[in-house]
Amino acid sequence: MCRGVVKINRVIQTDELTHKYSLGTPFESTAVDGLSFSVEKGEFIGIIGHTGSGKSTLIQHLNGLLKPTDGYVIINGRDIWSKKVNIKEIRFEVGLVFQYSEHQLFEETVFKDIAFGPKNMGLSQEEIEQRVLDAACAMGIDESWLSRSPFDLSGGEKRRVALAGVISMRPTVLILDEPAAGLDPQGRKTVLSKISQYHKSSGITVLLISHSMDDIVKYADKVLVMENGKLHSFETIEKVFSHSHNLEKIGLDLPQTTKIAMRLKEKGLDLGDGLYTVSKLAQKFLERIGKV
Amino acid sequence: MNIIEVKNLSYSYQHFDDEGNLIESAPALLEINLDIPKGQFVAVLGHNGSGKSTLAKHLNGILKPTKGGVCVNKMDVNDETLIYDIRQTVGMVFQNPDNQIVASTVEEDVAFAPENLGLEPKEIRLRIDKAMKTVGIYEFRRHAPHRLSGGQKQRVAIAGVIAMEPECLVLDEITAMLDPKGRKEIMNTVEKLNREKGITVILITHYMEEAVNSDRVLVMDKGRIIMDGTPKQIFSRVETLKNVGLDVPPVTELMHLLSQSGLKVKNDVINEEECVEELLRLTELYKPTN
C-alpha cells in the first residue's frame, strides 16, 4: 500500500496513479500515467494542461468515479478502493462539479435542487434546510430564488445553483472542472469570486481546472501542470512563473502580462520575474521609471 | 457591396402562461441597424443577455424579425421561398460541438449538408475533402467524432458548414468550450477562411483577444448596438466597456492603469507588440535627465 506515514493534514494523496482506457483492446490508451502528488488541507490548487492531457480523468479518480488501473488514491488518510471504505461516503467528502454543471439541474425549485445531495445523505429535514440556506448564501443566491424554477435563471445563476448543490453536502474537498467556462466576463468574475470567498471562509480544499491562466493566478496558491497524462510540475504560482518559458515550451498559454514582461526582458528592460497580473506589472514599471 | 443589411430590427421572445395567453416580454433586440460589407471580419461583444445570439439567429432566418427586416445578399429572410438560399449563403456554428455533430465518422458528418443540397457524389467528395483540408481535420476523416478533442470537433463543425460553400459565417461563441490550443486552432482557421477565401465572418465572443484582430467591433447592450468601430476605437474606451460588464484586453488595462498614474500613454494600444513598444518608449521618455 501507500508508502510512509500519512500526514493528517494531507487531504488528497495519489500514489503512482495510472488509468488506461479500453484496457486489453487495440484501442488501449494511457490517460493518466504514474501520478504521485498530495494536497494539504485548505489549499487552493489550479490544474492546467491541454485538452487530452488527463485532467478530467485525474479528477474523476479523486471521488471514485473512475477506478485506477494501477496505483492508489488516498482521501483523508483512507485508500478509497480498500474493502473497508464505502465509496459512497467518499463522494460526500469530495464534491465534484463537472463542466457545464447547470445541465445537471433537474428539480422543480432551486431549493429542492440544492437539497438533493443532503437528502441523499439521510440528514434530518432541519439540517437539510440549514445546509441549503448556508450553501445558497455562500454562492450569492438570493433567498427569493429558492422557490423559483432553476430553469428561469440566467446561465451564471444556474451555475451557482449547481455549485450550491454540491457544497450543501459540506464536502472537505471541492473539485471544479472549468466552473466559469462559457460565461461572460461578469458571470466569470461572480462565480469565481464566490468560490474563492467560500474557500476562505470555510477552509475547504479546492481543486480548480481552468484553461484561463489569468483565473488561476488570481485564485490559486499552487499549480498542477499536466502533460500527456503525466505530472509536468506541481509548484507555487510564484515558482511556476519564475520559469515561464517552461510553460510556453509545452504550449500552454501564459498570461498576457507575463508574455509582455518576457518580451521586455529580451529587449533589455528586466522588471523581474513572476509578473503575472496587470497591477503587478504596472507597479513594477512605475517603480522602474521612478514614478512611484 | 453589403452581404448583410439589417434595418430597424426589433425582436421579442414570446412566452405563454398556463392558459396559453401571450405574455409580453422585454424586447431582446431594439431598433438594430447594421450593414456588413462582403469580406469584413466583425466581432460582436456584449455580456450574456445583451442580444448577440438573438441577432445572430436573424442572419440566416432561424428567427424572424418582430419588426423591421433583414436581408442577406438582397434576399429577405421573411421570404420562405428563399430560406434555403439564405442558409446556404450564411452558415452558422454554435458553442457546443457535441450538439452539432450527427454522423458516426468525421467525413460523413462533413458530408451531411452537401448531401442534403442534392449534389453529385463526385462533387460531394471534392467539397468535403477540400473542407476537411482547409480546417486541418483531413487526417481524422475516418475517426469517430466523439473521440476527437473539443477543438477538433469544432473544426469538424466548421468543415460541415464550409462544405456548403457559404459566403458568410456566423460563429456564436465557438471557442467558449475549448482550451487555449483549441481556441488558437479555431481562430487561425477562421482568420484563414476570411483572408484567403474572402468569407465574411461575424464572430460573437467573450474573449477580447479574439476581437483585437478583427476589422470591426460591435458592442451590444440591452438589445442595442451601443458601440461600432475599429478595435482601437472600441478598446480605448475602457470605462464604457467596463460599465456594460465587459473586460478589456490586459494590455489595454495596463495602459489604462499607467495613464491613471499620470503617465502620458497612448490610449490605442491593443496588442502585445504595441504594448512592448509603448513601454520602451515610456522608459525613454521618463528617463531621468541628468
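Values below: every heavy atom of this structure, side chains too, minus hydrogens, waters and symmetry copies. Every chain is numbered from 1 and lettered A, B, ... according to where its sequence line falls, protein lines coming before strand lines.
- If you run side-chain contact (heavy atoms from CB on, under 4.5 Å) between A:Phe241 and each of A:Leu247, A:Asn246, A:Thr236, only A:Leu247 comes through.
- B:Leu257 touches chain A through its side chain: at least one heavy atom from C-beta onward sits under 4.5 Å away, while N, CA, C and O do not.
- Using a cutoff of 4.0 Å between basic side-chain nitrogens and carboxylate oxygens, B:Lys266 and B:Glu274 are not scored as salt-bridged.
- Both the backbone and the side chain of B:Glu253 come within less than 4.5 Å of a heavy atom of chain A.
- Between A:Tyr219 and A:Phe44, the ring-plane angle classifies as parallel under the 30° and 60° cut-offs.
- If you tally non-hydrogen atom pairs under 4.5 Å between each of A:Leu269, A:Leu252, A:Thr257, A:Leu183 and chain B, the highest count goes to A:Leu183.
- Heavy-atom pairs under 4.5 Å with chain A were tallied for B:Pro250, B:Ala176, B:Ser50, B:Pro249; the largest tally goes to B:Pro250.
- Using a 4.5 Å cut-off between heavy atoms, B:Leu285 makes no contact with chain A at all.
- Under the 30°/60° scheme for interplanar angles, the aromatic rings of A:Tyr100 and A:His103 are found to lie parallel.
- Taking the six-membered ring for Trp and the full ring otherwise, B:Tyr11 and B:Tyr13 have centroids separated by under 6.0 Å.
- Neither the backbone nor the side chain of B:Glu209 comes within contact range of chain A; no heavy atoms are under 4.5 Å apart.
- Neither the backbone nor the side chain of B:Met255 comes within contact range of chain A, judged by heavy atoms closer than 4.5 Å.
- A cation-pi arrangement is absent between A:Arg288 and A:Phe285 under the rule of less than 6.0 angstrom and at most 45 degrees off the ring axis.
- Residue with the most contacts toward chain B among A:Ala282, A:Gly290, A:Ser212: A:Ala282 (heavy-atom pairs, distance under 4.5 Å).
- Heavy-atom pairs under 4.5 Å with chain A peak, among B:Glu273, B:Arg183, B:Glu173, at B:Glu273.
- Salt bridge annotation for A:Lys222-A:Glu235: absent, with no cationic side-chain nitrogen under 4.0 angstrom from a carboxylate oxygen.
- Looking at B:Ser261, only its side chain comes within 4.5 Å of chain A, counting heavy atoms on both sides.
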